[in-house]
Amino acid sequence: MQISKRIIDLTREAEIALAPYFARIDEISFINTQRIMDLFKEYKVCDAMFCASSGYGYDDKGRDTLDLIWADVMKAPKAFVRHNIVNGTQALAIGLYGLLRPGDVMLSVAGKPYDTLEEVIGICGNPGDGSLKDFGVGYRQIELTEQGTLDFPAIKNAIDTIGKSLKVVFVQRSKGYLNRRTLTVAEIGELCRFVKANAPYAYVVVDNCYGEFVETEEPTAYGADMVIGSLIKNPGGGMAECGGYIAGTERAVELASYRLTSVGVGCEVGATLGQNKSLYKGLFYAPHTTAQALKTAHLAAYIFENLGYNVEPKWNETRSDIIQTVITGSADKLCKFCQGIQAGSPVDAFVTPEPWDMPGYNDKVIMAAGAFTQGSSIELSADGPLREPFTVYFQGGLTYESGKIGIMSAAEKVISDN
Ligand SMILES: *Cc1c(COP(=O)(O)O)cnc(C)c1O
């Protein structure tokens with residue numbers, strides 16, 4: 001890969017400027033790693049827990065212990081983490097269908113939820129497919145304020161008009177595919193307090209995707225009833241092959257577990273088929289891997305800001321998720337960015353990504369992912385829907401070194417004419 005002096009110099013300059021930010025990221029990673037290792041010790045994590053169970057998977061000590069550890073890591077009363085939750089969307093669907101009943105209302109308070117949830121909720125898709133809407137679940141949405149913060153007066157208003165039918169107050173921590181701020185854990189905590197005070201009968205559900213281990217606490221530590229995420233993002237540490245988790249209050253997680261398997265069965269069954277070790281190892285790695293991704297994001301922000309692009313967050317801003325956006329301004333630059341990331345990946349570096357109609361998404365999407373685990377976005381990956389203003393969303397980086405190579409490659413491609 002040919003990298004110009006301009007990009008090499010800019011990268012060097014970036015790393016000098018970023019040193020104090022990197023030190024803070026390492027500190028958070030240390031705190032989270034320490035918590036996880038203390039729990040591994042407390043729960044006597046041992047080799048036997050990595051054994052495979054089959055069939056019903058009764059008494060799978062590794063699985064049951066990991067659920068307990070996961071709950072404690074999240075400072076939640078209960079949790080389950082499963083390799084056979086196929087993605088974040090399924091984990092979210094399990095949580096939502098677990099809690100919502102006909103006549104209930106779900107209120108999204110950070111604007112439109114992630115694209116793939118639109119069909120789950122019934123905002124779009126085919127009537128009769130089994131969306132929440134098909135089952136008589138209502139949906140309301142409140143936008144963030146112009147400053148990108150939660151609009152508490154509007155939330156209060158919605159709580160008052162919906163009344164007791166309000167069952168789920170839904171908040172997405174990360175920006176997803178939207179041009180908005182990512183909410184901090186403290187802001188979500190404020191929401192939890194507000195909902196408890198004004199609608200104590202409602203569950204606060206957090207789409208925590210991309211947020212795990214960026215801060216020292218998760219939203220459950222601040223009173224969220226349920227947090228949900230994917231193992232091929234932060235909490236799988238780049239080690240988990242697939243999976244998802246749900247953590248939260250006793251009743252909320254129990255209800256979700258009934259949707260995971262069946263009513264009455266919950267999370268006491270489920271063969272782990274030899275996946276326990278990668279889930280444990282993934283959790284162990286998660287704070288560190290998340291730190292690598294965060295450093296990569298800061299570096300990219302610095303470089304692309306200096307190349308004249310509008311980026312979010314800015315290079316020196318504190319983060320609450322690992323996503324970095326760069327407004328590329330054109331389909332051509334968006335594609336170049338993604339192609340540069342692809343060329344700077346450890347796997348599939350020789351292929352050229354092209355935009356395509358992806359299931360669950362409404363616009364064509366271009367995705368760059370040269371990952372060991374297919375679709376894993378804790379590994380360096382970039383994607384963006386082909387719509388104005390052609391924002392590229394990228395995240396990940398298993399190691400800072402490889403993330404840096406990917407970013408340099410993307411920068412080189414974007415400044416080149418071909
Ligand atoms: C990734 C993500 C999801 C789930 O997406 P999957 O591709 O199904 O794992 C949901 N919400 C947000 C904010 C996400 O980033």
Side-chain angles (χ1 to χ4, degrees), residues 81-97 106 108-121 123 125 132 141 144 148 168 170-185 187-188 205-214 218-219 224 226-238 240-247 256 282 286 290 293-294 297 312-313 319-325 356-363 365-369 371 373-385 391-396:
V81 48
R82 292 292 178 280
H83 78 272
N84 58 333
I85 294 175
V86 302
N87 58 14
T89 305
Q90 192 197 357
L92 286 154
I94 289 167
L96 293 172
Y97 279 94
M106 164 180 176
S108 176
V109 295
K112 194 176 76 62
Y114 194 69
D115 288 46
T116 58
L117 285 185
E118 289 184 32
E119 285 181 56
V120 173
I121 296 165
I123 300 168
L132 289 164
Q141 179 178 311
L144 293 175
V168 165
F170 185 83
V171 62
Q172 181 181 302
R173 175 171 170 183
S174 168
K175 63 171 69 64
Y177 275 164
L178 295 171
N179 236 324
R180 68 144 165 104
R181 265 184 71 243
T182 289
L183 297 171
T184 64
V185 173
E187 284 175 290
I188 295 172
V205 177
V206 184
D207 176 349
N208 206 28
C209 283
Y210 289 132
E212 299 91 349
F213 305 116
V214 173
E218 301 303 325
M226 192 181 268
V227 298
I228 304 171
S230 160
L231 295 194
I232 58 169
K233 294 178 179 172
N234 312 17
E241 305 279 351
C242 52
Y245 77 88
I246 291 183
T290 302
L294 276 172
E312 195 348 86
R319 283 132 204 272
S320 188
D321 70 6
I322 62 167
I323 298 187
Q324 179 66 47
T325 65
W356 64 302
D357 289 303
M358 230 191 124
Y361 296 84
N362 291 328
D363 297 286
V365 178
I366 182 163
M367 296 199 156
T373 297
Q374 192 197 96
S376 166
S377 46
I378 186 62
E379 302 186 45
L380 188 65
S381 47
D383 40 65
T391 303
V392 67
Y393 297 77
F394 85 87
Q395 62 278 315

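Every number for a ligand or one of its atoms is a count from 1 in the order of the listing. Sequence positions, counted from 1, serve as the residue numbers for this chain. Both backbone and side-chain heavy atoms feed into the values below; hydrogens, waters and symmetry mates do not.
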- Task: State, with a plain yes or no, whether a side-chain heavy atom of Leu92 is found less than 4.5 Å away from one of Tyr114.
- Result: no

- Which residue supplies the protein heavy atom nearest to atom 13 (C) of ligand 1, what is that atom called, and how far is it? Asp207 OD2, 3.4 Å

- Message: Tell me the protein heavy atom at minimum distance from atom 5 (O) of ligand 1, and give that distance in Å.
- Response: Tyr114 CE2, 3.5 Å

- Under 3.5 Å: donor-acceptor pair, side chain of Ser108, backbone of Gln141: no

- Task: Name the closest protein heavy atom to atom 2 (C) of ligand 1, giving the residue it belongs to and the distance to 0.1 Å.
- Result: Lys233 NZ, 2.3 Å

- Show which atoms of ligand 1 fall inside a sub-4.0 Å distance from at least one heavy-atom site of Leu92. 10 (C)

- Task: For Tyr210, counting its heavy atoms only, list the atoms of ligand 1 lying under 4.0 Å from any of them.
- Result: 15 (O)

- Between Arg173 and ligand 1, find which residue part has any heavy-atom pair under 4.0 Å and reply side chain, backbone, both or neither. neither

- Message: Show, in sequence, the C-alpha distance, side-chain angles and deciding distance for Arg173 and Ser320, and conclude whether the side-chain hydrogen bond (donor to acceptor under 3.5 Å, both in side chains) test is met.
- Response: CA-CA 8 Å; Arg173 175 171 170 183; Ser320 188; 3.2 Å; yes

- Message: I need the nearest protein heavy-atom contact for atom 8 (O) of ligand 1: residue, atom name and distance, please.
- Response: Thr89 OG1, 2.5 Å

- Task: Quick one: closest heavy-atom pair of Ser377 and Ile322, and the distance?
- Result: O-CD1, 4.2 Å

- Query: Would you say Leu294 and Phe213 make side-chain contact, with heavy atoms under 4.5 Å?
  - Reply: no

- Any chance you could measure Asn87, atom CG, to Cys209, atom SG, to the nearest 0.5 Å? 9.0 Å

- Gly88: numbered ligand 1 atoms lying under 4.0 Å from its heavy atoms: 4 (C), 6 (P), 8 (O), 9 (O)

